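What follows is a single structure, written as structure tokens, with notes after it.
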Amino acid sequence: MNPLDILYPVLALAGLGVVFGILLGIAAKAFRVEQDERVPRITEVLPGANCGGCGYAGCSAFAQAVVDGEAKANGCPVGGAAVGAQVAAIMGVTLEQEERKVARVLCSGTREVTTTKYRYDGIRDCNAAYRYGGGEKTCLYGCSGYGSCVRACAFDAIHVVDGVARVDADKCTACGKCVAACPKRLIELVPESQKTVVLCRSREKGAAIRDICQAGCIGCKICEKNCPTGAITVVDNIARIDYDKCTNCGICAAKCPKHVIAGRADTDASQAAQ
Amino acid sequence: MIELLLLALTTILVDNFVLVKFLGCCPFLGVSKKVETAVGMSLAVTFVMTVASMATYLVQYYILVPLGIEYMQTVAFILVIAVLVQFVEMVLQKFTPALYNALGIYLPLITTNCAVLGVALLNIQNQFNFIYSTVYGFAAGLSFMLAIVLFAGVRERLETSDIPEWLQGFPIALITAGLIAMAFLGFSGMKF
């Protein structure tokens with residue numbers, strides 16, 4: 001066997017490789033795109049999930065926006081405070097502390113306590129169901145439970161339990177995808193320490209609510225009268241809590257005849273039971 | 001001219017790269033959840049396939065054949081395609097940032113796509129000349145696009161369908177892919 005039979009191919013391929021390498025090297029210099037060196041550094045500390053929760057098209061787009069001054073250093077909802085601090089360090093700015101938020105579904109109307117208008121057999125999607133008279137449940141404001149928010153969640157943090165979506169506070173990153181996915185606008189981002197939340201959004205009058213949902217706010221104003229800090233007001237037949245004034249004392253949750261005001265402890269306990 | 005058109009049509013419908021030749025199944029299943037990303041991926045594939053067909057043709061007949069080392073085809077072609085993709089990525093980033101952003105992560109993803117290597121090897125196997133190779137590469141890309149966009153459309157509908165739990169996700173996707181492939185077998189009776 002002629003040793004050249006081996007030498008030629010090796011030389012040819014190695015030569016090809018070297019030529020291509022040099023060409024790429026030259027091309028990398030010639031076609032270099034000027035980029036702020038902070039962009040790749042920020043991209044590196046970001047989670048890299050490209051979830052879009054920040055409102056930008058992926059992590060590198062967010063990094064670019066931070067460098068351009070469009071986005072805040074702590075704008076990544078997934079990374080939270082830890083990543084925010086790192087990004088701020090790269091940018092050389094100090095960070096205002098913002099409290100972690102958690103999504104809450106403002107409905108307590110599980111299957112047992114609500115009535116239905118008809119039987120829905122269509123596409124298992126809240127937006128599709130909503131087009132047929134607002135969905136299966138008689139209550140126009142209630143969670144339809146077909147899980148559009150579940151599919152929107154990239155973190156497996158929201159699940160439909162007994163016909164109502166429930167958020168797993170530990171997994172939630174407050175990215176806001178579920179908020180946008182819900183056709184009834186039932187999901188709200190609430191500060192994590194805010195334990196007292198009205199889990200209902202119905203604006204129906206009390207008498208009307210009593211007939212269709214046993215767990216709906218009837219606008220009786222008992223919470224409003226009993227709140228020591230005046231944080232609750234009833235507007236349009238629905239109690240609203242001013243989270244700045246609320247001290248999470250829990251009096252309203254205890255007094256509410258319909259038990260629609262819940263502390264986080266309550267919901268966590270009910271989740272554990274399920 | 002007519003022959004080139006027929007070659008393209010045959011490649012797209014009768015000898016579809018994904019559904020009949022089963023090349024490029026990985027991106028076909030992996031990047032077909034949304035029509036939008038499927039279109040981005042297939043644009044990148046079409047682009048790279050066309051350019052790779054031209055480049056590998058030149059490498060084959062101006063480097064490998066004169067040296068008598070055609071058996072190094074696979075290695076040489078992989079090298080050429082990898083370099084080409086890198087190079088194209090740089091050029092795009094410099095001159096057409098919009099296209100670069102649109103193709104995004106798909107460009108580097110297809111460096112090792114078997115459909116791209118497949119079209120390069122088939123060009124040589126079929127003894128195509130330069131123009132035929134280019135048309136074949138382009139048509140192969142279009143056939144990939146047709147398959148993946150059709151499939152993505154079906155998968156988007158599946159997302160909102162009531163599927164038994166044990167079929168959800170990949171099982172139903174694979175069944176769907178099989179059904180589409182069977183449908184494409186219907187074209188195999190056509191004679192051009």
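Each chain gets a letter, A, B and so on, in the order the sequences are listed, and its residues count up from 1. These numbers were taken from a predicted model, which means no experiment stands behind them.
Heavy-atom distances place the backbone of A:A30, and not its side chain, under 4.5 Å from chain B.
Cation-pi geometry between B:R155 and B:F170 is satisfied (NZ or CZ under 6.0 Å from the ring centre, within 45° of the ring normal).
Residue pairs meeting the salt bridge (Lys or Arg N to Asp or Glu O under 4.0 Å) criterion with at least one member in residues 170-184 of chain A, sequence neighbours excluded, are A:D156-A:K171.
Heavy-atom pairs under 4.5 Å with chain B peak, among A:A27, A:P9, A:G147, at A:P9. Between chain B and the residues A:Y146, A:F20, A:F31, the most heavy-atom pairs under 4.5 angstrom are made by A:F31.
For B:F87, the CZ atom sits in a loose shell: 12 or fewer heavy atoms of surrounding residues, nucleotides or ligands are nearer than 6.0 Å.
Taking the six-membered ring where tryptophan is involved, the planes of B:Y57 and B:Y61 are tilted, since the angle between them lies from 30° to 60°.
Side-chain polar atoms of B:S53 and B:T134 form no donor-acceptor pair below 3.5 angstrom. Using modelled atom types and a 3.5 Å distance limit, the side chains of A:D125 and A:S148 yield a donor-acceptor pair.
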>> Pair B:F144, B:F17 - check ring pair (Phe, Tyr, Trp, His ring centres under 6.0 Å), show working.
In response: CA-CA 6 Å; B:F144 180 83; B:F17 255 64; 9.0 Å; no
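Of residues 62-74 of chain B, those residues with a non-hydrogen atom less than 4.5 Å from any non-hydrogen atom of chain A are, in numerical order, B:I63, B:L67, B:I69, B:Y71, B:M72.
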